[in-house]
Peer 1: 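One structure, as C-alpha cells, below. Some questions next.
Just so it is clear, the structure is predicted and the values come from calculations on it, not from any experiment. Any value given below was found using the heavy atoms of this structure, including those in side chains, with hydrogens, waters and symmetry copies removed.
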Amino acid sequence: MKNKRVVFSSPWKVELLEEDFNPHNLREDEIVVKKLYTLISPGTELACLSGNESWFTMPDTPGYAAVSEIIDVGGGDHSFRKGDIVYHYGDHSKYQKVSVRGNVLKVPKTMNLRWVPFTRMATVAATSIRVSNIEFGDDVGVTGLGLIGNMAAQLAQLQGASVIGIDLSGKRLEIAERCGVFDLHNGDVSSAKAHVLDKTNGAGVSTHIEATGIPQVGVGSLEWIAKLGEIVFLGSPRGEFNGDITDVLNYCHLYNRGCITFKGAHEWRFPIEPNEFVKHSLVRNSNIVFDLMNRNKLQVEPLISHVLAPEQAALAYEGLRNYKDEYFGVLFDWS
C-alpha cells in the first residue's frame, strides 16, 4: 500500500512524500485509518516549520486534527469496526496506525465531516473557558481572532459573557462577526484600551483571554482588566520580549494595579480520557464540542477558507505564513 504524507524537511521547506505503508501487524489496541480531512493548526505548525520548536525534530510530519475512515482493526476488545468514521489526533498523511486508547471518537452521522477536525481547535479554546471564572453577564476580552481565539470568543458567549473581540485584521473581524461575536474592535492594544473601557463603563473586563501568543499584547492588555480580574494565556507565548518584569508583576500583586490573576490555558492540563477523580477530560470536551457543532451553536463553516489537495501543501503553508487574511482555516482533502 502506498502512503502520502506532508513532511517538514527543513525550516520553511514543505514536501509531500510517497512511501510504502504496511497496514498489518496491528497491536490489539490499534486501528488503521484512511484520512478524509486533516486541519492545519496555523500557530503550532508554522512554529514547527520555522524550526524554532525544540520538540519537533525535522524531518517529520506535522498535524494533530483529523477525521478518518477505519479500514482495519486489531484484535482487541473495543467498539471500533471497519467503516466507522472517527475523529482523532491524526497527522497530515493518507494512512496511519492509531491507538484507540486516547481521543478517538465515533463521529455522529449528522455531522458535516469538514467540521470534525475543528473539534481539536475548539477543545484547545475550551481550556480558556474551563480555567476561567467567567459567569453569566461578565465582560470578557479576547485578543487574537484566529481559529483558537475565534472559538474562545464563541465559547465565552455560550458561557453567558459579553465578549469584546480585538484583532488587527479586518478579515478576521469579519469572520468573527459571521460567527456571531457581538462586539469587535479593529486595532492594537493601545487603541483597544479606550474601546474596552468605554464598553465596560470604565471598569474593564473581568476576564481577558490572550490568544495571539505575542507577549507584548498580553502585557498591554493588563491595562483594561478590571480589579480582581484575570488574564488567561491561551496562545502559547513565543518570541522575545524586553520589559520591566517588576511592573508586570505588580499588576498581579498590588490592589491598586488590579490584583489580577494570571492563568495558563494549555490543553494538556486535562487528562485525555475520563477518570473518576477529574471532572474534565479531552474526550469529554470533544463530545461537548460535537454537540455544539451539531446544533449549530458553535459556528465552523465561516472558519473554512481553503480545502486543498495534499499536493498543494507548500502553497497552504505559504498562504498561512504570508497571506493571513486570505488563508485562515485550511483543510487537506485526502479523499
Side-chain angles (χ1 to χ4, degrees), residues 4-6 16 33-46 61-71 83-96 98 103-126 145-155 158 171-172 174-181 282-283 285-317 319-320 323-335:
K4 292 180 181 179
R5 62 186 182 100
V6 175
L16 184 70
V33 297
K34 178 182 178 182
K35 307 290 172 53
L36 301 175
Y37 296 101
T38 58
L39 173 67
I40 296 177
S41 175
T44 299
E45 293 187 37
L46 287 177
T61 297
Y64 55 54
V67 59
S68 305
E69 178 184 356
I70 297 177
I71 61 172
D84 286 347
I85 305 300
V86 293
Y87 158 72
H88 62 104
Y89 291 175
D91 62 18
H92 298 307
S93 63
K94 186 169 185 177
Y95 299 104
Q96 187 178 0
V98 177
N103 203 0
V104 181
L105 304 176
K106 293 181 182 180
V107 174
K109 295 184 184 300
T110 53
M111 274 192 74
N112 185 327
L113 295 185
R114 301 199 317 172
W115 297 358
V116 175
F118 286 86
T119 302
R120 185 69 191 274
M121 302 296 103
T123 56
V124 170
L145 295 173
L147 295 182
I148 302 293
N150 180 299
M151 288 189 159
Q154 291 192 61
L155 291 171
L158 290 172
K171 182 65 175 179
R172 292 188 180 198
E174 176 192 326
I175 293 168
E177 185 174 32
R178 288 167 57 198
C179 290
V181 181
L282 298 182
V283 166
N285 286 346
S286 298
N287 279 316
I288 292 170
V289 168
F290 276 1
D291 181 61
L292 293 175
M293 288 181 179
N294 229 3
R295 292 190 288 144
N296 288 312
K297 289 198 166 190
L298 185 65
Q299 299 301 310
V300 176
E301 194 64 30
L303 302 177
I304 301 174
S305 66
H306 294 77
V307 181
L308 301 175
E311 288 76 12
Q312 297 173 287
L315 173 67
Y317 289 101
L320 287 166
Y323 305 99
K324 297 180 185 295
D325 280 355
E326 298 173 35
Y327 287 75
F328 197 74
V330 181
L331 290 161
F332 290 128
D333 181 349
W334 299 90
S335 62

Peer 1: Does a sphere of radius 6.0 Å around NZ in K106 hold more than 12 heavy atoms from other residues, nucleotides or ligands, not counting ones at 6.0 Å or beyond?
Peer 2: yes
Peer 1: Under the rule for side chain to side chain donor-acceptor pair (under 3.5 Å), what residues qualify as partners of K4, not counting sequence neighbours?
Peer 2: E311
Peer 1: Got a sec, which residues hit salt bridge (charged side-chain N to carboxylate O under 4.0 Å, His left out) with K94, two or more places apart in sequence or on another chain?
Peer 2: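 None.
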Peer 1: Which residues satisfy the side chain to side chain contact (heavy atoms under 4.5 Å, CB included) test with Q299, sequence neighbours excluded?
Peer 2: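 Side chain to side chain contact (heavy atoms under 4.5 Å, CB included) list for Q299, sorted by chain: Q154, C179, N296, P302.
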Peer 1: Residues in side chain to side chain donor-acceptor pair (under 3.5 Å) with E45, at least two apart?
Peer 2: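 Side chain to side chain donor-acceptor pair (under 3.5 Å) check on E45 returns H92, Y317.
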Peer 1: Sort and list the pairs that fulfil ring-ring contact (aromatic ring centres under 6.0 Å, His included) and have at least one residue in residues 294-316, not counting sequence neighbours.
Peer 2: H306-Y327
Peer 1: Just verifying a value: how many Å separate L147 CG and F328 CZ, rounded to the nearest 0.5 Å?
Peer 2: 5.0 Å
Peer 1: According to salt bridge (charged side-chain N to carboxylate O under 4.0 Å, His left out), who are the partners of K171, at least two apart in sequence or on a separate chain?
Peer 2: E174
Peer 1: Tell me every residue that passes salt bridge (charged side-chain N to carboxylate O under 4.0 Å, His left out) with E301, counting only those two or more places apart in sequence or in another chain.
Peer 2: R114
Peer 1: Could you pull out all residues at least two apart from F290 that satisfy ring pair (Phe, Tyr, Trp, His ring centres under 6.0 Å)?
Peer 2: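 Testing F290 for ring pair (Phe, Tyr, Trp, His ring centres under 6.0 Å), a comparison that skips the adjacent residues, returns Y87.
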Peer 1: With sequence neighbours left out, write down each residue that passes side chain to side chain donor-acceptor pair (under 3.5 Å) with D91, or none if nothing qualifies.
Peer 2: K35, S93
Peer 1: What residues form a side chain to side chain donor-acceptor pair (under 3.5 Å) with T119, not counting sequence neighbours?
Peer 2: none
Peer 1: Just jot down the ring pair (Phe, Tyr, Trp, His ring centres under 6.0 Å) partners of Y64, sequence neighbours excluded, or say none.
Peer 2: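 Once residues adjacent in sequence are excluded, Y64 has no partner under the ring pair (Phe, Tyr, Trp, His ring centres under 6.0 Å) criterion.
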Peer 1: Would you please name every residue forming a salt bridge (charged side-chain N to carboxylate O under 4.0 Å, His left out) with D333, sequence neighbours left out?
Peer 2: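 D333 satisfies salt bridge (charged side-chain N to carboxylate O under 4.0 Å, His left out) with no other residue.
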Peer 1: How many angstroms lie between atom CE of M121 and atom CG of L298, to the nearest 0.5 angstrom?
Peer 2: 12.5 Å
Peer 1: Can you establish whether the number of heavy atoms outside E177 located under 6.0 Å from its atom CD is more than 12?
Peer 2: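 Counting other residues, nucleotides and ligands, CD of E177 stays at 12 neighbours or fewer.
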